> 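I have a structure here, written as structure tokens, and I will follow up with some questions on it.
Whatever order the structure lists them in is the order used to number ligands and atoms, beginning at 1. The structure displayed is predicted, hence computed values, not measured ones.
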Amino acid sequence: MDVLTREQRRHNMSRIRGRDTKPELLLRRGLHASGLRFRLHARELPGRPDLVFPKYRAVVLVHGCFWHGHDCALFKLPATRANFWAGKIAGNRQRDERAAAGLTAAGWRVLTVWECSLKGPARLPLEKVISMCEVFVRGSEREGTLRGRTRTES
Ligand SMILES: [Zn+2]
């Protein structure tokens, strides 16, 4: 007999997958704690930006380094079906460019946060990423990028 309700099971599965500790979620929590309010995955905006701050006319895009083909240690083209993956990632990058251009044209300020700033060997302290995001959102820069440390910065 099945003693778990569907709801409980879903909860357990989400715990098992570690969803609660995902860096992106920690970033969202930190921004919320700093008093910023945002919407998630706004469908009506180009590229469905991850975080939308209507009050500041700003969006934050959290890009996975593999899927968006980042030039960093987290990206490595798989050895098998390399052409397939290269084509797929090139398509993603084109979509990213179109989305960013569409957002900018509509007057949104766009901050891209690369996954490598949040996880992996080059990651920055979480508090630093949160505060850099906050500065961007509350500021007036048209666009910005946040990435993990590069070697020269040590
Ligand atoms: Zn990266």
> I'd like to know if the side chain of N92 pairs up with that of H68 as donor and acceptor (distance under 3.5 Å, no hydrogens or angles considered).
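Checked: N92/H68 side chains show no N/O donor-acceptor pair below 3.5 Å.
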> Going by an N to O cut-off under 4.0 Å, is there a salt bridge joining R93 and E97?
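The answer is no: the pair does not qualify as a salt bridge.
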> Any side-chain donor paired with an acceptor under 3.5 Å for R109 and Y56?
no
> Using the six-membered ring wherever Trp is involved, compare the ring planes of H63 and W114 and label them parallel, tilted or perpendicular (cut-offs 30° and 60°).
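Answer is perpendicular, since the angle exceeds 60°.
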> Could you list the residues that satisfy side chain to side chain contact (heavy atoms under 4.5 Å, CB included) with A101, not counting sequence neighbours?
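Result, side chain to side chain contact (heavy atoms under 4.5 Å, CB included) vs A101: none returned.
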> Leaving out waters, which are not shown anyway, how many protein N, O or S atoms lie closer than 2.8 Å to the Zn ion (ligand 1)?
4
> Taking the basic N atoms (NZ, or NE/NH1/NH2) and the acidic carboxylate oxygens, is any pair closer than 4.0 Å for E44 and R39?
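Looking at E44 and R39, the cut-off is met.
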